[in-house]
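Here the structure comes first, spelled out in structure tokens, and everything after it is commentary.
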Amino acid sequence: MTLLVQAANIVHAHGGNQIFDGVSFELKAGDRVALIGENGAGKSTLFRIMARLVQPSGGTVTHKRGLTVGFLSQESSLDPLLTMRAAVGGTTDPIALEAKLEELERRMQEPLDDDALSAVLDEQAAVLERLERATTPDPDSAPPPGGLGILAGLGVPEERWDTPIGRLSGGEKKLVALARLLVDEPELLLLDEPDNHLDEAGKAWLERFVRGYPGAVGVVSHDRWFIDRAVNRIFELEDGTVTAYPGTYSAYLTLKRERLERQAQLRELQEREFKKLKASAEQLTQWARQNPKFASRAENQRRKLAEERERLEQTPAPILNRRRIEVEFDAEPGSTLVLEARGLAKSYGERQVFEPFDLVIRHGEAVGLVGPNGAGKTTLFRMILGREAPSNGTLRIGPSISVGYYAQEQETLDPETTPLELVR
């Protein structure tokens, strides 16, 4: 298969922290790769390096000549004033493509390193190809679906297409950004947590899309079931290095356990041999004190012992079971009645978000709120918080009940505060 990206001994640091230490891997056409690892391990950074948005501190990353890369980041970069229709339709509009070419030509006049210039040239070639297709379509081929056709395929209703990006839910923004990428059909598609805010229908569509995509796909996801159904390779980013495994997430769990167990057995054998070598060196040293003819043998044994000690020190012992933080959450129970809604309804002008309904939640219950993107799930949460007023009916929080809210886009966090300060 065609080699798309080859990384050799990548080293990278950020903010004084060493993120990568000798990362090497290959990506080929047809690969469906899930990049997994703990939060903060550097998954997004590695995707940005692969997308030529970040230059590593050391090592080399080689891209196939003319490779086009599409990158879906965690944060939306869409203009909040644009509508869905404008955001995805412009990718096939000749006027918009001409404007994009002008922008790329201006960027080429700026001082760029070789990698950045190569990325701009590749993007220019891709835009020129799309412009040619848009202005001189092949009469013997079916026209491409375009961004609006993809939005429809993703299940976004047509009545939402003229909604400004700033008024969309987190899941809808992801769909718009994904639709923009799909129109371009890059050879390498990098999706950083695309399923975070997708509903079940959206996840099912994304699984089918990843499996059938004509190019290569890299995905960062914390959903093991999604990974199991969508990918054929696993890249694990751990302790600053990448280990590749063939197959699904379930296969990775088995293969990793077997690898660690083999390493543990080998380590145990090496340590036993080291102890024997140490005992032999000590014994020969004792004999050499009594008989000089043992001196050279003792010296050789001590040298072997030093080499073996250095080898053991440079090869860390495998960690079969990594420690996990243990946290206990204690809270006052509050009243037995947690939440009560009677005849609750919400509408925005002529758009009815939900019809009148009754709801009671009591202490000890764990409730899942499900529904397609745009159905009003976040709106209901905001009504519970008192940030949205109901159009009809009543909503009551039980006495002595405190409410905590985890927002889709983390707007409740203070961007000037460190994580440790926030938790404390």
Side-chain angles (χ1 to χ4, degrees), residues 44 47-48 51 53 69-100 102-104 123 127 130 134 144-186 189-199 201-203 205-206 209 220-221 346-354 371-383 387-388 405-413 415:
S44 297
F47 265 15
R48 290 182 177 277
L53 299 174
V69 182
F71 176 55
L72 179 71
S73 66
Q74 292 184 30
E75 300 83 18
S76 172
S77 59
L78 300 171
D79 185 344
L81 299 179
L82 283 179
T83 64
M84 277 190 179
R85 188 188 302 273
V88 302
T91 56
T92 54
D93 177 54
I95 297 177
L97 292 172
E98 291 280 7
K100 183 64 176 177
E102 292 178 4
E103 177 194 337
L104 292 172
E123 189 175 359
V127 173
R130 291 201 301 275
L148 298 180
I150 292 173
L151 278 181
L154 288 170
V156 181
E158 189 172 351
E159 58 266 23
R160 299 284 287 164
W161 292 356
D162 292 311
T163 305
I165 300 295
R167 289 175 52 191
L168 299 179
S169 67
E172 289 175 317
K173 290 177 183 175
K174 281 278 188 178
L175 293 180
V176 175
L178 184 56
R180 283 176 62 98
L181 285 180
L182 300 191
V183 172
D184 295 345
E185 284 195 354
L189 188 58
L190 302 173
L191 306 177
D192 193 355
E193 300 192 18
D195 54 330
N196 264 9
H197 305 304
L198 292 180
D199 55 30
K203 279 196 177 187
W205 182 92
L206 188 60
F209 158 72
V220 171
S221 173
K346 182 64 179 178
S347 60
Y348 294 102
E350 296 182 356
R351 183 186 173 222
Q352 189 79 22
V353 181
F354 36 78
N373 288 324
K377 303 185 295 296
T378 301
T379 299
L380 179 57
F381 274 8
R382 290 177 62 83
M383 291 170 67
R387 299 179 185 179
E388 292 271 357
Y405 180 51
Y406 178 77
Q408 272 191 14
E409 299 183 45
Q410 292 83 49
E411 62 267 22
T412 57
L413 301 180

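Throughout, residue positions are numbered sequentially from 1 according to the sequence presented.
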For this session: Tell me yes or no: between the side chains of S221 and D195, is some donor less than 3.5 Å from an acceptor?
Result: yes
What are the two closest heavy atoms between [X] and [Y], and how far apart are they?
X	Y	answer
R382	Y405	CG-OH, 4.4 Å
I165	K173	O-CE, 3.4 Å
F354	M383	CZ-SD, 3.6 Å

Exercise. Who are the salt bridge (charged side-chain N to carboxylate O under 4.0 Å, His left out) partners of K346, not counting sequence neighbours?
Worked result: E388
Report yes if some heavy atom in the side chain of [X] is under 4.5 Å from a heavy atom in the side chain of [Y]; otherwise report no.
X	Y	result
L190	R48	no
P186	V69	no
S44	D192	yes
L189	L181	yes
L168	V176	yes
L206	P194	yes

Exercise. T163 and R160: side-chain contact (heavy atoms from CB on, under 4.5 Å), yes or no, with the steps?
Worked result: CA-CA 5 Å; T163 305; R160 299 284 287 164; 3.8 Å; yes
For this session: Apply side chain to side chain contact (heavy atoms under 4.5 Å, CB included) to Q352 and list each qualifying residue two or more places apart in sequence or on a separate chain.
Result: A345, S347, E355
Which residues share a side chain to side chain donor-acceptor pair (under 3.5 Å) with [X], sequence neighbours left out:
X	result
Y406	Q410
K377	none
T378	Q408

For this session: Determine, stepwise, if the pair Y348 / T379 fulfils side-chain contact (heavy atoms from CB on, under 4.5 Å).
Result: CA-CA 11 Å; Y348 294 102; T379 299; 3.6 Å; yes
For this session: To the nearest 0.5 angstrom, please state how far the CG atom of L178 sits from the CG atom of L72.
Result: 6.0 Å
Exercise. Is the CZ atom of F381 crowded by more than 12 outside heavy atoms at less than 6.0 Å?
Worked result: no
Exercise. Checking side chain to side chain contact (heavy atoms under 4.5 Å, CB included) against R85, which of V88, T83, L82 comes through?
Worked result: T83
Problem set entry | Which residues share a ring-ring contact (aromatic ring centres under 6.0 Å, His included) with W205, sequence neighbours left out | F209
